[in-house]
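What follows is a short report on a single structure.
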Amino acid sequence: MPTPKKGPRLASSPAHERLMLANMATSLFANGRIKTTLPKAKRLRPLVERLISFAKRGDLHSRRRVMRVIRNKSIVHKLFTEIAEQMEQREGGYTRIIRVAPRKGDAAPQAIIELVTEPVSPKQAVVKEAEAAAKTAAAADAEVSEQAVADASATATEQAAEADKANAEAVVAEDKATEAEAAAATEE
């Protein structure tokens with residue numbers, strides 16, 4: 001029997017381990033938190049998080065994939081309606097493992113694994129809003145700078161036209177002055 005990649009097997013056979021994890025996941029979704037040994041909690045976390053991700057999708061295929069693991073229809077319904085709705089804003093980290101005192105009989109390390117039901121911290125939401133605002137501001141600045149460049153080129157064109165007009169008037173004035181001098185010279 002091959003050994004699993006994530007450490008020693010929790011039970012005697014792969015099927016027994018799979019059923020144990022499915023039963024623990026069912027209990028976790030039913031109660032919100034369970035107390036178990038630390039290795040079992042660490043092995044349960046990826047399974048539970050994957051099931052919650054399926055529940056957040058909410059389609060029929062995801063429901064059938066969750067039903068392969070959790071056989072209780074009422075728990076699956078609770079997962080898809082209540083728990084997935086609570087976790088909608090979260091992008092992962094749906095569970096929390098808290099270490100507690102070792103078990104009295106055999107000193108096995110104990111842990112509580114629970115669903116994180118608190119809303120996403122406002123700091124993370126503010127950071128995301130700030131990033132979005134920065135992107136829109138950068139786009140607006142780029143648009144304003146393009147408009148400023150267009151305005152500056154239009155202003156430069158107008159100034160060049162005015163300068164050309166002034167130069168043309170100066171040339172005309174010089175021509176008139178030279179004609180007047182020439183006319184005065186011919187009269188003498």
Inset, instruction - For the residue pair E88 and E85, establish whether any side-chain heavy-atom pair is separated by less than 4.5 Å. - result: no
Inset, instruction - Could you tell me the separation between the CD atom of Q89 and the NZ atom of K56, rounded to the nearest 0.5 Å? - result: 8.5 Å
Inset, instruction - Test L21 against every option in L10, T26, V48 by the side-chain contact (heavy atoms from CB on, under 4.5 Å) rule and name the one that passes. - result: L10
Legend entry - Pairwise distance CD1(I97) to NZ(K40) - rounded to 0.5 angstrom: 14.0 Å
Inset, instruction - Compare all side-chain heavy atoms of K73 with those of H77 and state whether any distance is below 4.5 angstrom. - result: no
Legend entry - Side-chain heavy-atom pair R96, E118 within 4.5 angstrom cut-off: yes
Inset, instruction - Identify the two heavy atoms, one from Y94 and one from E49, that lie closest to each other, and give their separation to 0.1 Å. - result: N-OE2, 3.3 Å
Legend entry - Within one Ile-Leu-Val-Met-Phe-Trp-Tyr cluster: V116 and M24, side-chain cutoff 4.5 Å: no
Inset, instruction - Using the side chain to side chain contact (heavy atoms under 4.5 Å, CB included) rule, take T37 and Q110 through it: C-alpha gap first, then chi angles, then the decisive distance, then the call. - result: CA-CA 4 Å; T37 61; Q110 295 288 101; 3.5 Å; yes
Legend entry - L19: partners by side-chain contact (heavy atoms from CB on, under 4.5 Å), with sequence neighbours left out: none
Legend entry - Reported CG-to-CE distance for the pair L44 and M20, which is rounded to 0.5 angstrom: 10.0 Å
Legend entry - Straight-line distance of N72 CG to M67 CE, nearest 0.5 Å: 8.0 Å
Inset, instruction - Determine the minimum heavy-atom distance between A41 and A111, stating which atoms define it. - result: CB-CB, 4.3 Å
Legend entry - Heavy-atom check, side chain of F29 versus side chain of L51, under 4.5 Å: yes
Inset, instruction - Drop me the distance from L115's CG to I83's CD1, to the nearest 0.5 angstrom. - result: 5.5 Å
Inset, instruction - Would you give the length of the straight line joining atom OG of S62 to atom CZ of F80, rounded to the nearest 0.5 angstrom? - result: 5.5 Å
